[in-house]
Amino acid sequence: MTANAIQAMNCEQLLDLRPLTPGFGAEVLGLDLRDAPSPATLDALKQALDTHSLLVLRAQHISETQHVELSRGFGDLMIHVLKQFLTASHPEIYVLSNVAENGKPIGNHKEGWNWHSDLSYMAEPSMGSLLHAIEVPPEGADTLFASMHAAYEGLPVDMQERIRPLKAVHSYAGYYGKAFADRAPLSEEQKARTPDVIQPVVRTHPSTGRLSLYVGQDIVKEIQGLEPEEGAQLLADLNAHAIRDEFVYRHQWQAHDLVIWDNRCTMHCATPYDDNAYRRVMHRTTVKGDRPF
């Protein structure tokens with residue numbers, strides 16, 4: 001038995017896990033994070049994330065401080081470039097919301113309504129994200145998650161060999177211009193903080209060694225070394241393949257859900273809801289990762 005298999009077995013013994021799909025995601029049962037998890041429990045959560053890529057914890061009535069402290073247990077935290085959507089008391093928390101107070105939005109609305117991996121446009125993108133549901137609509141606003149491990153492993157061998165050496169340009173400025181064309185453009189400071197970066201199309205998980213696709217919609221500007229039309233077609237094909245039903249889990253939010261996912265081997269996408277009738281307030285922390293390889 002390998003070391004990873006032994007660790008996974010130990011993790012399964014410490015946590016009560018229920019699979020969400022046959023090969024991707026798990027719900028953690030019976031854990032109340034208002035009490036800071038012990039080092040052993042935190043290690044088990046990290047191992048479960050390595051194994052399952054996505055963890056769901058229902059009914060987590062945690063404060064902003066508890067959210068941030070739990071997140072720090074997974075690593076250093078990243079501060080989002082859109083500072084206007086950070087909470088005043090905890091700038092580590094990025095707010096996703098359609099709510100306005102005193103005439104100003106408290107969070108970024110319609111963020112992530114395309115398939116992406118958080119902060120893939122950074123040279124050292126996010127390892128993981130922890131999203132806490134404060135207010136959720138009674139219908140709609142689900143989040144879809146795709147296993148990029150399963151997507152890569154589901155490709156024909158010849159396609160795997162073709163894309164293994166390829167690299168792609170990830171561009172936040174390009175994404176922002178498409179997603180938020182009706183807003184003020186990025187400031188020069190924001191552009192300076194988010195230059196285009198080059199990432200592998202296939203990346204290796206640093207903990208497990210497992211390979212995964214690393215692409216996305218809108219955020220990927222081009223694939224290096226290919227003619228524009230060929231690169232655009234390949235990217236479209238890979239994105240379409242990655243979000244096939246057999247690779248996707250749909251999360252239907254309940255208030256106080258906490259969902260933790262591994263950005264190194266998943267993509268996710270928000271879905272629409274009636275934002276005129278319903279309020280939605282979500283708090284996200286983002287854990288720093290390493291340079292993809």
Under 3.5 Å donor-acceptor, Gln66 side chain and Ser63 backbone | yes
State, yes or no, whether a side-chain contact exists between Met122 and Arg193 at a heavy-atom distance under 4.5 Å.
-> no
For atom CG of Asp274, decide whether the heavy atoms of other residues, nucleotides or ligands shown that lie under 6.0 angstrom number more than 12.
-> yes
Does the pair Asp262/Lys46 count as a salt bridge with the N-to-O cut at 4.0 Å?
-> no
With distance as the sole test, does Gln199 use its side chain to make a donor-acceptor pair with the main-chain N or O of Ser120 at under 3.5 Å?
-> yes
Exam field: side chain His116 to backbone His268, donor-acceptor pair closer than 3.5 Å | yes
Heavy atoms, side chains only, cut-off 4.5 Å: are Val81 and Tyr172 in contact?
-> yes
List the steps, then state whether side-chain contact (heavy atoms from CB on, under 4.5 Å) holds for Asp50 with Arg264.
-> CA-CA 10 Å; Asp50 284 345; Arg264 299 167 296 189; 3.5 Å; yes
Could you go step by step and tell me if Glu124 and Arg291 meet the salt bridge (charged side-chain N to carboxylate O under 4.0 Å, His left out) rule?
-> CA-CA 4 Å; Glu124 294 183 342; Arg291 182 178 290 276; 5.4 Å; no
Hey, are Thr51 and Gln47 close enough side-chain-wise for a donor-acceptor pair under 3.5 Å?
-> yes
For His67, does its backbone N or O pair with a side-chain atom of Ser71 as donor and acceptor, under 3.5 Å?
-> yes
Do Gln224 and Leu166 touch side chain to side chain, with heavy atoms closer than 4.5 Å?
-> no
Answer yes or no: are there more than 12 heavy-atom neighbours, outside Lys221 itself, under 6.0 Å from its atom NZ?
-> no
Give the cluster check for Trp115 versus Leu119: same hydrophobic cluster or not, with ILVMFWY residues linked at side-chain heavy-atom distances below 4.5 Å.
-> yes
Is the shortest side-chain N to carboxylate O distance from Arg162 to Glu230 below 4.0 Å?
-> yes
Is there a side-chain contact between Asn263 and Ser129 (heavy atoms, below 4.5 Å)?
-> yes
According to a 4.5 Å side-chain heavy-atom criterion applied to Ile, Leu, Val, Met, Phe, Trp and Tyr, with indirect links allowed, do Leu29 and Val56 form part of one hydrophobic cluster?
-> no
Could you tabulate the donor-acceptor pairs under 3.5 Å formed by side-chain atoms of residues 235-242, not counting sequence neighbours?
| residue | atom | partner | partner atom | Å |
| --- | --- | --- | --- | --- |
| Asp237 | OD1 | Gln233 | NE2 | 2.8 |
| Asn239 | OD1 | Gly216 | N | 3.1 |
| Asn239 | ND2 | Gly216 | O | 3.0 |
| Asn239 | ND2 | Leu235 | O | 3.3 |
| His241 | ND1 | Arg244 | NH1 | 3.3 |
| His241 | NE2 | Ala151 | O | 2.7 |

Judged by modelled atom types alone, do Ser97 and His109 share a side-chain donor-acceptor pair under 3.5 Å?
-> no
Arg164 CZ: over 12 foreign heavy atoms closer than 6.0 Å = no
Aromatic centroids of His283 and His132 separated by under 6.0 Å | no
Closest non-hydrogen atom pair, Ala40 against Leu14 = O-CD2, 3.3 Å
Is it the case that more than 12 heavy atoms not belonging to Gln252 sit under 6.0 Å from its CD atom?
-> no
Would you check if Leu54 and Ile260 make a side-chain contact, meaning some heavy-atom pair closer than 4.5 Å?
-> no
Is there a donor-acceptor pair closer than 3.5 Å between any side-chain N or O of Asp142 and the backbone N or O of Arg250?
-> no
Does Met159 offer a backbone N or O that forms a donor-acceptor pair with the side chain of Glu161 under 3.5 Å?
-> no
Is it the case that one hydrophobic cluster holds both Val202 and Val197, taking links as side-chain heavy atoms less than 4.5 Å apart, direct or via other members?
-> no
Over 60° means perpendicular and under 30° means parallel, so classify the ring planes of His149 and His205, tilted if in between.
-> tilted
Mind checking whether Phe24 and Ser53 have side chains closer than 4.5 Å, heavy atoms only?
-> yes
Enter the distance from His256:NE2 to Leu33:CG here, rounded to the nearest 0.5 Å.
-> 13.5 Å
Considering only heavy atoms from C-beta outward, does the side chain of Gln217 approach that of Tyr175 to under 4.5 Å?
-> no
Shortest non-hydrogen contact between Met267 and Ser117, atoms and distance | CG-N, 4.5 Å
Are Tyr94 and His80 close enough that their ring centres sit under 6.0 Å apart?
-> yes
pair Val287-Asp76: side-chain heavy atoms closer than 4.5 Å | no
Counting N and O atoms only, with roles assigned by atom type, does the side chain of Ser212 sit under 3.5 Å from a partner on the main chain of Ala150, one being a donor and the other an acceptor?
-> no
Check the hydrophobic clustering (I, L, V, M, F, W, Y; side-chain heavy atoms under 4.5 Å; chains of links allowed) and say if Trp113 and Ile219 are grouped together.
-> no
Are Ile134 and Tyr273 connected in a single hydrophobic cluster, I mean Ile/Leu/Val/Met/Phe/Trp/Tyr linked by side-chain heavy atoms less than 4.5 Å apart?
-> no
If the plane angle is over 60° it's perpendicular, under 30° parallel, otherwise tilted; pick one for Trp253 and His251.
-> perpendicular
Arg280 with Glu135: basic N within carboxylate O range, under 4.0 Å = no
Transitive ILVMFWY cluster of Ile198 at side-chain heavy atoms under 4.5 Å: who else is in it?
-> Val169
So, the side chain of Asn98 versus the backbone of Tyr278: is there a donor-acceptor pair under 3.5 Å, distance only?
-> yes
For Asp118 and Ser126, test the side chains for any donor-to-acceptor distance below 3.5 angstrom and give the result as yes or no.
-> no
Cation-pi between Arg203 and Tyr214: NZ/CZ under 6.0 Å from ring centre and within 45° of the ring axis?
-> yes
Test item: Gln254 side-chain N/O and Ala133 main-chain N/O as donor-acceptor pair under 3.5 Å = no
For the residue pair Glu64 and Ser89, confirm or rule out a side-chain donor-acceptor distance under 3.5 Å.
-> yes
